[in-house]
Amino acid sequence: PKSLASLLERSENIVADVAIVVENDLSWRMGPSWFKDFRSKVKHLLVIDALANETTSSADLVIPCLSFAESTGSLVNQEGRIQRFFSAFHSE
């Protein structure tokens, strides 16, 4: 996977039909002028995010997802141990 820094360095060469952004506001992270240029070079922008932001408002398709506080599950930490996390909100 390429980092955002390498994407910024190569932004003048971007030509893409679809870009997928997962839980990230590129306009805030990379700057509005860079994002405007990036958006003009991408035909379709798909965003998966729990929060509304400049990137979601510029997207062609937004898929909502749960935030960490709304989900329950397990993950493996850097020590290889399984950790559980629980929703802060209880649905009925």
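All values below come from the heavy atoms of this structure, side chains included, with hydrogens, waters and symmetry mates left out.
Closest non-hydrogen pair, A69 versus S87, comes out as O-OG, 3.4 Å. Scanning all heavy atoms of the two residues, the minimum distance from A59 to V47 falls at CB-CG2, 3.5 Å. The two residues T55 and L45 make their nearest non-hydrogen contact at O-CD2, 4.1 Å. In terms of heavy-atom proximity, D60 sits nearest to H44 at OD2-CA, 2.9 Å. Looking at every heavy atom in both residues, L51 comes nearest to T56 through O-CG2, 3.6 Å. For S74 against F85, the heavy-atom pair with the smallest separation is N-CE2, 3.6 Å.
In summary, R29 and D25 do not engage in a salt bridge, as defined by a charged side-chain N under 4.0 Å from a carboxylate O.
Ring geometry, F38 versus W34: the interplanar angle falls under 30°, so the pair is classed parallel (tilted spans 30 to 60°).
No single ILVMFWY cluster, assembled from side-chain heavy atoms under 4.5 Å apart, contains both V21 and V62.
More than 12 heavy atoms of other residues, nucleotides or ligands lie within 6.0 Å of CZ in R84, so this atom counts as buried by the packing criterion. Atom CG of L75 has more than 12 neighbouring heavy atoms from other residues, nucleotides or ligands inside a 6.0 Å radius.
For the atom pair CZ (F35) and CD (E54), the distance works out to 6.5 Å, reported to the nearest 0.5 Å. Within the model, atoms CD of Q83 and CG of N77 stand 4.5 Å from one another, a figure rounded to the nearest 0.5 Å.
Under the side chain to side chain contact (heavy atoms under 4.5 Å, CB included) test applied with L61, the options I48, L46, V18, I20 reduce to a single match, L46.
Using modelled atom types, one side-chain atom of R39 and one backbone atom of S58 make a donor-acceptor pair closer than 3.5 Å.
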